[in-house]
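By convention here, the first residue in the shown sequence is residue 1. Predicted model, so just to flag it, every value in this text is computed and none were measured.
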Amino acid sequence: MIADNLHKIKQDIQDSCALVHREPKEVTLVAVTKSVGVAQTKELIDAGVAHCAENRVDKLLEKKQKLLNYSETKWHLIGNLQRRKVKLIVNEIDYFHALDSLTLAEEIQKRLVKQLACFVEVNVSGEATKHGISPDEVLPFLESLAAYSKIKVVGLMTMAPKEASAEQIRNVFGTLRELRDLVQSRHYTHAPCTELSMGMSQDFQLAIEEGATFIRVGTALFKDEEEE
Ligand SMILES: *Cc1c(COP(=O)(O)O)cnc(C)c1O
């Protein structure tokens with residue numbers, strides 16, 4: 001089942017890339033395993049997924065601990081990170097997708113042993129319930145991050161609004177791409193900002209058409225699977 005879902009998603013990635021003349025290898029599939037257990041996560045990795053993501057610190061650590069034989073797997077923390085949990089997690093992950101404050105950056109800097117690839121989360125749609133900085137804050141925030149030598153800003157991340165038309169979602173993703181291009185044009189050494197983390201099960205095809213390089217897909221990989 002999981003292998004079938006994965007196959008279908010890979011096909012969709014190829015189709016979306018073809019529409020806009022991109023290469024499928026430019027898009028990294030990050031499997032969001034937050035709704036499943038270790039067995040299904042293993043099944044997914046065995047089927048060829050190289051990147052896994054969790055939104056909770058405790059769950060990520062627990063899974064990683066149970067998957068010690070899968071040392072090649074890259075781990076992404078995609079959810080909001082509380083300051084007091086920073087020290088537990090920052091040296092255990094390969095990517096952090098939700099950097100949105102300088103106090104958090106300061107704590108991450110303090111606890112990191114080596115550099116960490118981070119995405120700055122931007123609240124493009126402006127919904128009050130969403131995390132992330134506003135689009136106007138992106139450049140000043142990025143400039144301030146130069147003070148934290150262990151934080152490497154590899155890109156920007158956003159979440160599309162849930163109840164929105166395809167056009168509205170496309171707009172959100174397009175805006176994030178323009179912000180990324182703006183940051184890139186500044187050639188900050190601490191923030192190459194080449195990547196765009198956007199698109200989930202419902203909207204990853206639109207995200208790819210708008211330039212996503214990391215898509216975060218959960219439910220679509222596990223549909224028709226039993227909960228453990
Ligand atoms: C849960 C989650 C996803 C995956 O969502 P699906 O709709 O299950 O694909 C992606 N990004 C973040 C930040 C999430 O919390």
Side-chain angles (χ1 to χ4, degrees), residues 1-56 59-60 63-64 66-67 69-79 93-95 97-98 119 124-125 154-174 176-177 180 194-228:
M1 246 358 158
I2 286 182
D4 295 339
N5 291 341
L6 179 61
H7 184 77
K8 162 100 182 32
I9 290 166
K10 284 189 172 165
Q11 190 60 55
D12 290 342
I13 293 172
Q14 280 190 15
D15 293 347
S16 300
C17 283
L19 266 181
V20 292
H21 311 291
R22 298 185 62 200
E23 292 293 327
K25 67 172 187 317
E26 294 171 25
V27 180
T28 299
L29 172 65
V30 180
V32 181
T33 53
K34 67 189 181 195
S35 64
V36 296
V38 173
Q40 283 160 307
T41 306
K42 271 188 186 160
E43 202 179 324
L44 200 59
I45 300 171
D46 289 337
V49 163
H51 294 256
C52 291
E54 290 282 330
N55 65 340
R56 303 276 305 267
K59 279 195 77 181
L60 192 153
K63 260 197 194 116
K64 205 182 161 202
K66 289 183 176 157
L67 291 164
N69 292 337
Y70 293 79
S71 58
E72 300 290 293
T73 304
K74 303 283 185 219
W75 285 95
H76 298 243
L77 183 70
I78 55 177
I93 52 178
D94 300 287
Y95 295 88
H97 288 245
F119 288 85
V124 176
S125 61
V154 295
L156 303 180
M157 178 275 212
T158 201
M159 304 209 0
K162 269 224 162 75
E163 307 291 329
S165 68
E167 262 335 281
Q168 286 167 321
I169 293 172
R170 204 182 270 287
N171 258 320
V172 166
F173 292 154
L176 195 73
R177 185 190 62 233
R180 190 270 319 261
T194 47
E195 311 300 329
L196 284 172
S197 168
M198 58 191 197
M200 319 200 319
S201 294
Q202 295 305 320
D203 52 27
F204 70 86
Q205 285 142 304
L206 285 174
I208 292 171
E209 289 178 41
E210 295 299 323
T213 61
F214 285 76
I215 57 172
R216 311 177 309 268
V217 178
T219 15
L221 280 166
F222 304 110
K223 60 173 192 254
D224 307 325
E225 282 286 311
E226 302 275 311
E227 269 276 352
E228 268 177 275

Within 6.0 Å of CD in Glu26, more than 12 heavy atoms from elsewhere: yes

Heavy-atom pair of closest approach, residues Ser201 and Gly218: OG-N, 3.5 Å

Main-chain N/O of His51 paired to Thr73 side chain as donor or acceptor, under 3.5 Å: no

More than 12 heavy atoms from other groups under 6.0 Å of CZ on Arg22: yes

Nearest-0.5 Å distance, CG of residue Leu44 to CD1 of residue Ile2: 5.5 Å

His97 and Phe214 aromatic ring geometry - parallel, tilted or perpendicular at 30°/60° bounds: perpendicular

From CA spacing to verdict: side chain to side chain contact (heavy atoms under 4.5 Å, CB included), Val30, Tyr95: CA-CA 11 Å; Val30 180; Tyr95 295 88; over 6 Å; no

Trace of the side chain to side chain contact (heavy atoms under 4.5 Å, CB included) decision for Ile45 with Cys52: CA-CA 8 Å; Ile45 300 171; Cys52 291; 4.0 Å; yes

Point-to-point distance, once rounded to the nearest 0.5 Å, from CD of Glu72 to CG of Leu67: 13.5 Å

Spacing of Arg177 atom CZ and Met198 atom CE [to the nearest 0.5 Å]: 7.0 Å

Exercise: identify the closest heavy-atom pair between Phe222 and Ser35: CD1-OG, 4.2 Å

Heavy-atom side-chain contact between Tyr70 and Thr41 under 4.5 Å: no

Atom pair CD1 (Ile215) and CG (Leu196), whose distance is rounded to the nearest 0.5 Å: 12.5 Å

Least distance between heavy atoms, Arg216 atom then Thr158 atom: NH2-O, 3.2 Å

For Ile78 against Ala98, the heavy-atom pair lying closest together: O-CB, 4.0 Å

Polar side-chain atom of Asn5 near backbone of Lys223 as donor-acceptor pair, under 3.5 Å: yes

Check: Lys63 side chain, Thr33 main-chain N or O, donor-acceptor pair, under 3.5 Å: yes

Check: Met157 main-chain N/O paired with Ser197 side-chain donor or acceptor under 3.5 Å: no

Distance, nearest 0.5 Å, that separates CH2 of Trp75 from CG of Asp94: 10.0 Å

Between CD on residue Glu210 and CD on residue Gln205, distance to nearest 0.5 Å: 13.0 Å

Taking every non-hydrogen atom, the tightest pair across Ala166 and Leu206: O-CD1, 3.9 Å

Trace of the side chain to side chain contact (heavy atoms under 4.5 Å, CB included) decision for Ile13 with Phe204: CA-CA 8 Å; Ile13 293 172; Phe204 70 86; 4.1 Å; yes

Nearest atoms (heavy-atom pairs only) where Val20 meets Ile208: CG2-O, 4.2 Å

Neighbour count >12 (heavy atoms, 6.0 Å) for atom NZ, Lys59: yes

Test side chain to side chain contact (heavy atoms under 4.5 Å, CB included) applied to Thr213 and Thr28, step by step: CA-CA 6 Å; Thr213 61; Thr28 299; over 6 Å; no

Salt-bridge criterion met for Asp4 and Lys8 (N-O under 4.0 Å): no

